[in-house]
Structures are given as structure tokens and as C-alpha cells.
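Predicted, not measured: the structure shown is a model, and the values here were computed from it. Position 1 is the first residue of the sequence; numbering continues from there.
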Amino acid sequence: MLKYSYNMTQEELDTAFEAAFERASNTKIKLPDDLKLHFYAYYKRATIGSQRHSPSGEIQLRNAFKLNALLQIQHLSQNDAKRMYIDLVNKHIVD
């Protein structure tokens, strides 16, 4: 399980986030689509921050769901999004 605390340095949080991303990227676990949207939104918020982002892809309905997920977490800071992403990995990606 990945550990983090609010007392971590920025570098420590970034390292924990990168480890969580690697763990999530390499999992063989099939996650439900709604949970994948949470992973997507937290990742985008953590890596892009408050910059505008429009989901791309050929399927407009999927893009609409992605945009909705991003809008729901726009109040989070990049660091909070990193923490939430780490929490999702710890909860749903079991090695």
C-alpha cells in the first residue's frame, strides 16, 4: 500500500503519485467504467491542474462523461487530486 501524509514534501508526494500511477497502469484488474472515470479525472487534475482540458476521442458520449468527471473535481488542488488518486489505487488496485 502506498503511504502519504499531508506533511510530505512536494517531492515525496510526487514520487508517491508516480508510484500509484505505475501500479494502476500495470494492473490486470478490470475496473468498472465509473471507477475508471474517477481515476481519469483525478489523474488529469493532478497532472494538468487548473488548465483547461477537453477530453479527446471519437466517441462523443464518452467525452461527455469524462468532461463531467473533470467538472465535478475542479475544486481540488493538484496535490489533493494526487492524494485522491493514491487513495483510489490503495482501495481498488490490490497486488
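Taking all atoms of both residues into account, the shortest heavy-atom contact from Ala81 to Ala46 is CB-N, 3.7 Å. The two residues Tyr42 and Leu88 come nearest to each other via the heavy atoms CD1-CD1, 3.4 Å. Of all heavy-atom pairs between Tyr85 and Ala24, the closest is OH-CB, 3.5 Å. Between Ala69 and Ala41, the shortest heavy-atom contact is O-CB, 3.7 Å. Heavy-atom minimum distance, Thr9 versus Glu12: N-OE1, 2.8 Å. Val89 and Phe39 make their closest contact through CG2-CE2, 3.6 Å (heavy atoms, listed as atom of the first residue, atom of the second, distance).
Side-chain N or O atoms of Arg45 include none that pairs as donor or acceptor with a backbone N or O of Leu70 at under 3.5 Å. A distance-only check finds no donor-acceptor pair linking the side chain of Glu18 to the backbone of Thr15 [under 3.5 Å]. With hydrogens and angles disregarded, no donor-acceptor distance shorter than 3.5 Å links the side chain of Asp80 to the backbone of Leu76.
Remark: Lys66 qualifies as a cation-pi partner of Tyr40 under the 6.0 Å distance and 45° angle criteria applied to the six-membered ring.
Within the 4.5 Å cutoff, the side chain of Thr27 has no heavy atoms near those of the Val94 side chain.
Atom CD of Gln10 is surrounded by more than 12 heavy atoms from other residues, nucleotides or ligands within 6.0 Å.
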Sequence neighbours left out, cut at 3.5 Å: what donor-acceptor pairs do the side chains of residues 28-38 make with other protein atoms?
none

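Ring-plane geometry between Phe21 and Tyr43 is classed as parallel, the angle between the planes falling under 30 degrees on a 0 to 90 degree scale with a further cut at 60.
Interatomic distance, NZ of Lys44 versus CG of Leu67, reported as 12.5 Å (0.5 Å rounding). Of the inter-residue distances, the one linking Arg83 atom CZ with Ser77 atom OG reads 6.5 Å to the nearest 0.5 angstrom. The NZ atom of Lys82 sits 8.5 Å away from atom OG1 of Thr47, with the distance rounded to the nearest 0.5 Å.
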